Amino acid sequence: MVKASKKIWMDGALVDWDDATVHVLTHSLHYGLAPFEGIRCYQGAKGSAIFRLKEHVDRLFESAHIMMMPMPFSKKVVMDAIVETVRVNQLESCYIRPIAFIGYGAMGVYPGDNPIRLAIAAWPWGSYLGEDALSQGIRAKISSFTRHHVNVSMTRAKVSGYYVNSILAKWEAKKSGYAECILLDPDGYVAEGTGENVFIVSKGVLRTTPLTSILDGITRNSILQLAKAKNIPVVEERFTRDAMYVADEIFLTGTAAEVTPVRELDDRIIGEGKPGPVTLALQNDFFKIVRGEDWDYSNWLTPV
Ligand code: PPE
């Protein structure tokens, strides 16, 4: 159950949590076109700060642009509104969900000039993939569902409707007793998790899927930068599921999932069956940065 906070920002004003409702004929509810973001705010030594706010707002606007949805507010207004939403709710660390959607008006797939609306909610959200996921790693499977073909879904856009694919895959994984699954692209190469990007470490080289059939994850981008700063060789190229089976380490990245090690894939133990050294080093760097303990990356944080 989501833990309610006090206020939600809707179309330019803060309303009470319980009043943030929409009409049942809201266009996006029927046809799934709602660009959204997931952002985290962390409590650190110097107070709370939002991680890579600008990049998340840029991606929200890119998603809307891809979907031919003119955003009703400027980026500056949206960034300020996100900070304000965290502040009024007096949340020290939280997850922030801005969502743009097509409102009430015409029905039918052509949205015409229905209003474009924007809401921003924030609530406390702990570990995404279970209690010990970050420290022990998770058990994952390869999904029987295929990730979107790039000319069926615009995978660079983070849009609600695309998550039907993720929900189906997640159900299958959970029902089979796994914490998460990884989807392959239509050519059979590794794509991404239901809500995470995928990394493998093989013989000291860090590999991740290229941006062809996946969401351009902001955590992924952060990890790539951190790995380069550590002089870890990094390759962005396609790889197969069996390359994952024989990898020394696997981990998933995402705003919600943060940096989650994978200790088992399709019932095969990965590496030593526990988070590996490269994963742990990058995870450690990541958490230091989000908690404001690494000044080199203070420009990734927006104080609340
Ligand atoms: N791929 C997908 C499909 C995805 O949904 C996410 C984020 C990522 C990669 C990683 O992107 P980034 O957060 O920018 O590093 N998934 C969001 C939604 C999760 C949910 O269940 O809701 C998230 O992590 O906020």
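Computed from a prediction, not measured in an experiment: that's the story for all the values here. Order of listing sets the numbers, starting from 1, for every ligand and every atom in it. These numbers come from the heavy atoms of this one structure, side chains and all, not from hydrogens, waters or symmetry mates.
- Note on ligand 1: Glu37 sits outside its first shell, no heavy atom being nearer than 4.0 Å.
- Of the N or O atoms in Ala256, one or more lie within a sub-3.5 Å distance of an N or O in ligand 1.
- Neither the backbone nor the side chain of Tyr162 comes within contact range of ligand 1; no heavy atom lies under 4.0 Å.
- Residue-ligand proximity, Gly38 to ligand 1, at heavy-atom distances under 4.0 Å covers atoms 25 (O).
- In terms of protein heavy-atom proximity, atom 1 (N) of ligand 1 is nearest to Glu192 OE1, 2.7 Å.
- Remark: Arg40 is not positioned above the aromatic ring of Tyr95, lacking an NZ or CZ atom under 6.0 angstrom from the ring centre and at most 45 degrees off the axis.
- For the 3.5 Å distance criterion, the side chains of Glu236 and Thr209 fail to qualify, holding no donor opposite an acceptor.
- With distances taken over non-hydrogen atoms, the option nearest atom 17 (C) of ligand 1 out of Glu258, Lys158, Arg220, His56 is Lys158.
- Because its NZ or CZ atom is both nearer than 6.0 Å to the ring centre of Tyr128 and within 45° of the ring axis, Lys170 counts as a cation-pi partner of that residue.
- For the ligand labelled ligand 1, residue Lys170 lies outside the 4.0 Å heavy-atom shell.
- Hydrophobic clustering of Ile, Leu, Val, Met, Phe, Trp and Tyr side chains at less than 4.5 Å, counting indirect connections, unites Ile82 with Val88.
- Interface atoms of ligand 1 facing Ile218, defined by a heavy-atom separation under 4.0 Å, are 12 (P), 14 (O), 15 (O).
- A donor-acceptor pair under 3.5 Å is absent between the side-chain atoms of Asp187 and the main chain of Tyr189, judged by distance alone.
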